[in-house]
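Counting begins at 1 with the first residue of the sequence. Counting convention: from 1, in listed order, for ligands and their atoms alike. Quick note: numbers below take in every heavy atom, side chains included, and nothing from hydrogens, waters or symmetry partners.
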Amino acid sequence: MARYDLAVVGGGVSGLSLAWRAARDGRSVILLERSPRLGGCVRTERTDGGYWFELGAHTAYNSYGAFLDLAVASGLRDAVVERGPARARFGLLRQGEARWLTPPRVLLELGWLEAAVHLPAGLLASRRGQTLYSHFSRLLGRRNYDRVLGPFLSAVPSQRADGFPLEGPGSLFKKRPRRAGFPRSFGFRDGLQSVCDAAGRTEGIAVERGVEVTGLARGGPGFTVSVAGGRTIEASLAALAVPADAAAPLLRGDFPELAALVARVGTATVESVGVVLPRERCWMPECAFLVPVDDSFFSCVTRDPFPDPSRRAFAFHFRPTTTREERLARVLEVLRAGERDLLHLAEARVVLPAPALGHGELVAEIDRCLAPTRLALTGNYFDGLAIEDCAGRSEREWRRLSR
Ligand SMILES: Cc1cc2nc3c(=O)[nH]c(=O)nc-3n(C[C@H](O)[C@H](O)[C@H](O)COP(=O)(O)OP(=O)(O)OC[C@H]3O[C@@H](n4cnc5c(N)ncnc54)[C@H](O)[C@@H]3O)c2cc1C
């Protein structure tokens with residue numbers, strides 16, 4: 001039976017960040033990933049001739065310190081690429097008509113009478129205990145929220161964001177120090193997934209892909225991890241870095257209290273469709289993204305910030321209630337293209353957390369329960385969904401485990 005210092009379940013940013021920190025501290029690590037690919041929600045779709053586009057996460061910022069540590073240590077300092085001018089242009093699609101905006105021009109979309117009526121009281125109101133909807137509809141008015149702000153906020157987590165907490169864990173807004181020497185927003189020469197692939201090659205980490213973990217039990221030197229097919233792996237320490245809905249069943253046997261708490265984290269499924277078109281078949285002006293008002297998708301993110309002379313790519317993120325046929329039909333309709341125009345088509349389904357008010361208290365309870373154990377829990381359902389929230393959580397969890 002194989003024995004390691006640490007077994008990490010899940011090969012997304014969270015699992016890789018934790019595995020890398022443990023390996024850097026001289027621990028022997030095994031990382032088990034269900035999919036044949038590392039990265040999870042970080043998914044760079046690669047096509048012919050070295051072209052790629054992001055089907056999942058697309059942007060990193062110079063405020064992503066823990067993620068930058070991982071990227072730099074994985075040898076990708078020189079692969080950082082600043083996002084080009086298209087990053088500052090975006091579209092709002094309402095009733096079939098797209099309006100092309102820039103950050104200041106988006107303000108012109110607001111109904112100013114409604115905003116003026118709400119702003120004075122809204123500015124004085126407390127932010128504590130508010131959701132995105134309760135805060136911003138109080139600040140700008142409900143109609144402004146529904147017509148303008150709400151769709152942009154929902155585009156960030158690819159789900160209705162109205163019930164997200166305004167502040168604290170689970171919030172979409174975080175103030176973090178910016179790291180000098182890196183562009184404000186950036187990607188990587190071969191896509192974000194190149195960071196995950198490189199991190200997986202860190203010395204001291206044994207990566208097994210296409211391996212589903214089916215059980216986690218106290219036993220042996222600390223933990224026994226069971227994988228599909230009946231094999232078991234022993235490790236002194238263990239880390240679960242899988243979405244909340246996958247973590248809860250694994251915890252149920254030996255950590256029932258933790259399982260019950262993690263099961264309380266709401267989740268949302270995101271169905272993504274990515275397509276590549278010849279540049280001459282695209283009608284949209286170059287832009288970072290298109291956000292619809294009240295549609296079957298939450299956003300269409302382009303690769304335009306990293307322009308290519310002959311191709312353009314678009315990743316649409318849909319509600320889970322749509323069928324595959326409906327998604328493809330809507331993609332073609334929005335792009336005004338036919339199936340024959342597509343140079344490449346890719347699809348993905350991921351589960352994201354849907355944090356609600358009280359998420360901070362739930363995370364604090366999970367952490368209290370976790371403190372006396374040699375088990376780490378990490379992922380995007382603690383601090384927030386951003387890549388940096390995941391990398392930062394993993395950093396703190398490894399510090400706790402290695403103490
Ligand atoms: C469409 C989209 C766009 C986004 N855009 C951005 C962005 O621009 N910037 C940003 O900062 N963030 C963005 N995010 C959020 C961010 O990408 C994710 O929150 C983050 O990557 C999650 O990482 P994770 O490792 O916690 O989880 P995941 O990426 O979900 O990884 C978990 C891994 O665990 C594996 N797994 C699950 N169960 C098992 C099991 N039983 N055994 C073994 N393995 C298992 C899964 O296969 C998966 O690979 C975006 C997310 C999405 C979906």
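- Of all the atoms in ligand 1, the ones that sit under 4.0 Å from a non-hydrogen atom of Val9 are 42 (N), 43 (C).
- With atom 30 (O) of ligand 1 as the reference point, the heavy atom nearest to it among Cys41, Gly12, Gly11 is part of Cys41.
- Within ligand 1, the atoms closer than 4.0 Å to a non-hydrogen atom of Leu32 are 43 (C), 44 (N), numbered from 1 in the order shown.
- Here Thr378 has no heavy atoms under 4.0 Å from ligand 1, in either its backbone or its side chain.
- Assignment of Tyr64 to the shell around ligand 1 is supported, since a heavy atom sits closer than 4.0 Å.
- Counting the atoms of ligand 1 from 1 in the order shown, those under 4.0 Å from a heavy atom of Val350 are 53 (C).
- Here Glu208 pairs with Arg231 in a salt bridge; the nearest charged N to carboxylate O distance falls below 4.0 Å.
- Considering backbone and side-chain atoms alike, Val13 places an N or O below 3.5 Å from some N or O of ligand 1.
- In this structure, the side chains of Glu45 and Glu54 stay at 4.5 Å or more apart for every pair of heavy atoms.
- Close approach to Leu352 involves these atoms of ligand 1, each under 4.0 Å from a residue heavy atom: 53 (C).
- Side-chain atoms of Glu114 come within 3.5 Å of backbone N or O of Asn144 as a donor-acceptor pair.
- Atom CZ in Arg312 sits 11.5 Å away from atom CZ in Arg303 (nearest 0.5 Å).
- Close approach of ligand 1 to Gly379 is summarised as follows: ligand atoms under 4.0 Å from at least one heavy atom of the residue are 26 (O).
- Of all the listed residues (Leu385, Asp389, Val301), Leu385 holds the heavy atom that lies closest to atom 18 (C) of ligand 1.
- A cation-pi geometry, defined here as NZ or CZ lying under 6.0 Å from the six-membered ring centre and within 45° of its normal, does not hold between Arg311 and Phe53.
- Looking at ligand 1, you won't find any N or O of Glu212 less than 3.5 Å from one of its N or O atoms.
- Closest to atom 34 (O) of ligand 1 among all protein heavy atoms lies Gly10 CA, 3.4 Å.
- The closest side-chain heavy-atom distance from Phe223 to Leu216 is below 4.5 Å.
- Of the listed options Ala247, Gly56, Cys196, Ser17, Gly56 places a heavy atom closest to atom 3 (C) of ligand 1.
- Looking at atom 49 (O) of ligand 1, its nearest protein heavy atom turns out to be Glu33 OE1, 2.7 Å.
- Using a 4.0 Å cut-off to heavy atoms of Gly39, the atoms of ligand 1 that qualify are 29 (O).
- With hydrogens and angles disregarded, a donor-acceptor distance shorter than 3.5 Å links the side chain of Ser402 to the backbone of Trp398.
- Of the listed residues (His359, Arg393, Lys174, Arg396), just one forms a side-chain hydrogen bond (donor to acceptor under 3.5 Å, both in side chains) with Asp383, and that residue is Arg396.
- Residue contact check for ligand 1: Ala315 places no non-hydrogen atom closer than 4.0 Å to it.
- By the neighbour-count criterion of 12 heavy atoms within 6.0 Å, atom CZ of Arg184 is sparsely surrounded, having that number or fewer from other residues, nucleotides or ligands.
- Of the charged side-chain nitrogens involved, at least one lies within less than 4.0 Å of a carboxylate oxygen, so that Arg179 and Asp69 count as a salt-bridged pair.
- Using a 4.0 angstrom heavy-atom cutoff, Val211 counts as in contact with ligand 1.
- Other residues, nucleotides and ligands contribute more than 12 heavy atoms inside 6.0 Å of the CZ atom of Arg77.
- Nearest protein heavy-atom neighbour of atom 20 (C) of ligand 1: Cys390 SG, 3.8 Å.
- Note: Phe289 and Phe90 have parallel aromatic rings, judged against thresholds of 30 and 60 degrees for the angle between ring planes.
- Atom CZ of Arg147 has more than 12 heavy atoms from other residues, nucleotides or ligands within 6.0 Å.
- Scanning all protein heavy atoms for the shortest distance to atom 41 (N) of ligand 1 gives Val213 O, 3.0 Å.
- Ranked by closest heavy atom to atom 32 (C) of ligand 1, the top entry among Gly40, Ala386, Ala241 is Ala241.
- At a threshold of 4.5 Å between non-hydrogen side-chain atoms, the residues Phe316 and Leu335 count as touching.
- Ranking protein heavy atoms by distance to atom 44 (N) of ligand 1, first place goes to Arg34 N, 3.1 Å.
- From the protein, the heavy atom lying nearest to atom 27 (O) of ligand 1 is Asn380 ND2, 4.5 Å.
- Looking only at protein heavy atoms, the nearest one to atom 14 (N) of ligand 1 is Ala57 CB, 3.9 Å.
- Note: Phe182 and Phe186 have tilted aromatic rings, judged against thresholds of 30 and 60 degrees for the angle between ring planes.
- For Asp25 and Arg399, the salt-bridge test fails: no basic side-chain N is under 4.0 Å from an acidic carboxylate O.
- With hydrogens left out, the protein atom closest to atom 24 (P) of ligand 1 is Ser14 OG, 3.4 Å, a heavy atom.
- Between Thr269, Val242, Leu250, it is Val242 that holds the heavy atom closest to atom 38 (N) of ligand 1.
- Counting atoms of ligand 1 from 1 in the listed order, those under 4.0 Å from a heavy atom of Ile387 are 10 (C), 11 (O), 12 (N).
- When heavy-atom distances to ligand 1 are checked against a 4.0 Å cut-off, His317 comes that close only through its side chain, counted from C-beta outward.
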